Amino acid sequence: MPVVTDLDSVPLTPVYTIVISAAGEATIEGEPVEPLPGQDGRTSALAEIRVRAAKRGHPIRINAKEPDGSVWPLIVDHDGAVTPLPAPHPTPPAPAPAPVPVAPVSPVAPVAPQPVPVAVPPAPFAAAPVPGPAPAPAPVAPPAPVQVPSTPAPAPALDWSSALPPHHAERFGRIVAAELRGDLAGAALAARELEGALDREYGALHPHTVGVLGTRAWLALLLQEDWAAIMRLHLRTAERRHNAQAPADETRRVLRNARAVWWRLAAVDRAEADEIQPELQRVSDLVEGVLPE
């Protein structure tokens with residue numbers, strides 16, 4: 001739900017850029033943000049922007065750059081209210097150029113009249129020889145027929161760093177806005193709805209769908225409500241990424257998170273952890289060919 005209703009009232013500058021890494025760390029304008037106690041990098045970056053908005057006395061424009069390269073224009077106020085924008089921030093008008101001082105004009109000395117040259121008539125042209133008839137062109141053999149390959153060309157590789165299409169930007173903006181204001185449950189619900197929409201449009205193995213599934217796993221890890229459910233969601237994400245041939249580094253990171261969650265689950269419910277361990281072993285063998293640590 002947008003909080004700032006009059007977007008034109010927000011100054012066009014400054015526009016701060018928050019970059020969130022795959023590890024959850026954040027920077028503002030390239031400067032690392034020190035996480036606040038008990039907060040992740042994204043929430044800590046938002047707290048810093050709130051301080052800057054309070055000092056300026058008005059909301060501030062930011063661009064939130066996700067680990068997948070997506071950039072989301074937002075407006076943040078001093079009270080933490082976040083307004084996602086339907087389009088990029090307007091470009092501020094260029095400043096007017098400074099006036100250039102004009103040097104005084106020196107008096108010009110009179111120019112003496114010059115003699116006018118007399119035109120000399122050109123020499124007459126010699127008549128060009130009349131060309132004879134051109135020789136007949138040699139016969140050209142017809143081109144050889146092009147062989148058409150019987151096998152179709154391979155499909156282009158999927159781009160795992162491409163941004164969501166514009167018609168899904170508003171849904172993803174709700175996820176970002178909810179997470180920035182600390183509403184992790186609302187962000188998780190919005191992510192689940194977006195995953196369903198992407199699954200219906202592109203399929204379960206499309207990079208957009210798999211990427212939002214990973215966002216759901218990350219938000220569940222932040223919520224820490226049900227370790228068994230978090231464990232299963234991470235295993236589903238790792239297996240889906242493997243089947244979709246997603247970048248392996250990120251897939252292994254999801255699997256490492258799943259193993260860490262298993263130990264958290266074992267500390268509170270060993271029986272449930274033992275029940276899930278075979279599934280953890282199966283996905284580990286699928287992704288890395290190793291047994292869980």
Side-chain angles (χ1 to χ4, degrees), residues 1-21 24-33 35-36 39-97 161-198 201-202 208 211-212 215-216 218-219 222:
M1 177 67 70
V3 178
V4 178
T5 55
D6 184 8
L7 301 181
D8 295 334
S9 66
V10 181
L12 299 181
T13 58
V15 180
Y16 294 107
T17 299
I18 298 178
V19 178
I20 309 298
S21 69
E25 300 171 345
T27 62
I28 300 178
E29 296 298 303
E31 294 294 329
V33 176
L36 299 174
Q39 302 292 335
D40 60 0
R42 188 192 302 270
T43 307
S44 301
L46 174 63
E48 172 63 24
I49 294 296
R50 292 172 57 183
V51 172
R52 300 186 187 189
K55 289 181 177 179
R56 291 179 175 271
H58 59 72
I60 286 182
R61 298 176 182 269
I62 70 169
N63 285 317
K65 186 174 184 180
E66 296 297 313
D68 64 356
S70 303
V71 179
W72 302 101
L74 306 169
I75 292 178
V76 179
D77 208 346
H78 70 280
D79 59 356
V82 178
T83 303
L85 303 183
H89 297 289
T91 303
S161 61
S162 62
L164 284 174
H167 61 283
H168 289 298
E170 192 272 336
R171 280 194 176 99
F172 194 85
R174 289 205 299 266
I175 301 173
V176 176
E179 186 179 356
L180 283 174
R181 65 175 178 263
D183 182 11
L184 296 178
L189 178 60
R192 184 172 183 175
E193 293 174 353
L194 178 56
E195 183 198 358
L198 294 171
E201 183 172 351
Y202 301 110
H208 294 330
V212 176
T215 301
R216 286 187 58 202
W218 173 251
L219 291 170
L222 296 178

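Nothing here was measured: the structure is a model prediction, and the numbers come from that model.
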CH2 of Trp218 to CG of Leu184, rounded to nearest 0.5 Å, is 10.5 Å
In Å and rounded to the nearest 0.5 Å, what is the CZ to OG1 distance from Arg192 to Thr215? 15.0 Å
So, does Arg61 use its side chain to make a donor-acceptor pair with the main chain of Pro11 at under 3.5 Å? yes
Non-hydrogen side-chain atoms of Val10 and Thr83 separated by less than 4.5 Å: no
I want to check something: taking the side chain as every heavy atom from C-beta on, are Arg52 and Pro14 in contact at a cut-off of under 4.5 Å? no
Mind checking the NE2-CG spacing from His89 to Leu7? Nearest 0.5 Å is all I need. 10.0 Å
Closest approach of Leu219 to Ala191 (non-hydrogen atoms, all atoms of both residues): CD1-CB, 4.1 Å
For the pair Glu29 (side chain) and Thr17 (backbone), establish whether a donor and an acceptor sit closer than 3.5 Å, ignoring hydrogens and angles. yes
Would Leu194 and Arg174 satisfy side-chain contact (heavy atoms from CB on, under 4.5 Å), going step by step from the backbone distance to the final call? CA-CA 10 Å; Leu194 178 56; Arg174 289 205 299 266; over 6 Å; no
Can you measure from NZ (Lys65) to OG (Ser21) and round to the nearest 0.5 angstrom? 12.0 Å
Which heavy-atom pair separates Ala64 from Val176 by the least distance, and what is that distance? CB-CG1, 4.3 Å
Can you name the closest pair of heavy atoms from Ala178 and Gly186 and give their distance? CB-C, 4.1 Å
So how far is it from Tyr202 OH to His168 NE2, rounded to the nearest 0.5 Å? 4.5 Å
First locate atom CG of Asp183, then atom CD1 of Ile175, and finally report the distance between them rounded to the nearest 0.5 Å. 12.0 Å
List the atom of Pro73, the atom of Ala87, and the distance in Å for their closest heavy-atom pair. CG-O, 3.2 Å
Determine whether the side chains of Glu201 and His208 contain a donor N or O and an acceptor N or O closer than 3.5 Å. no
Heavy-atom closest pair (Ala177 atom, Pro84 atom, distance to 0.1 Å) is CB-CD, 4.1 Å
For side-chain contact (heavy atoms from CB on, under 4.5 Å), just list the numbers for Tyr16 and Glu48, CA-CA rounded to whole Å, side-chain angles, deciding distance to a tenth of an Å, and then say yes or no. CA-CA 11 Å; Tyr16 294 107; Glu48 172 63 24; over 6 Å; no
Are Glu195 and Arg171 ion-paired here, with the side-chain N under 4.0 Å from a carboxylate O? no
Name the one of Ile60, Leu85, Ile62 that satisfies side chain to side chain contact (heavy atoms under 4.5 Å, CB included) with Ile75? Leu85
Any idea which heavy atoms bring Thr27 and Pro32 closest together, and the distance? CG2-CA, 3.8 Å
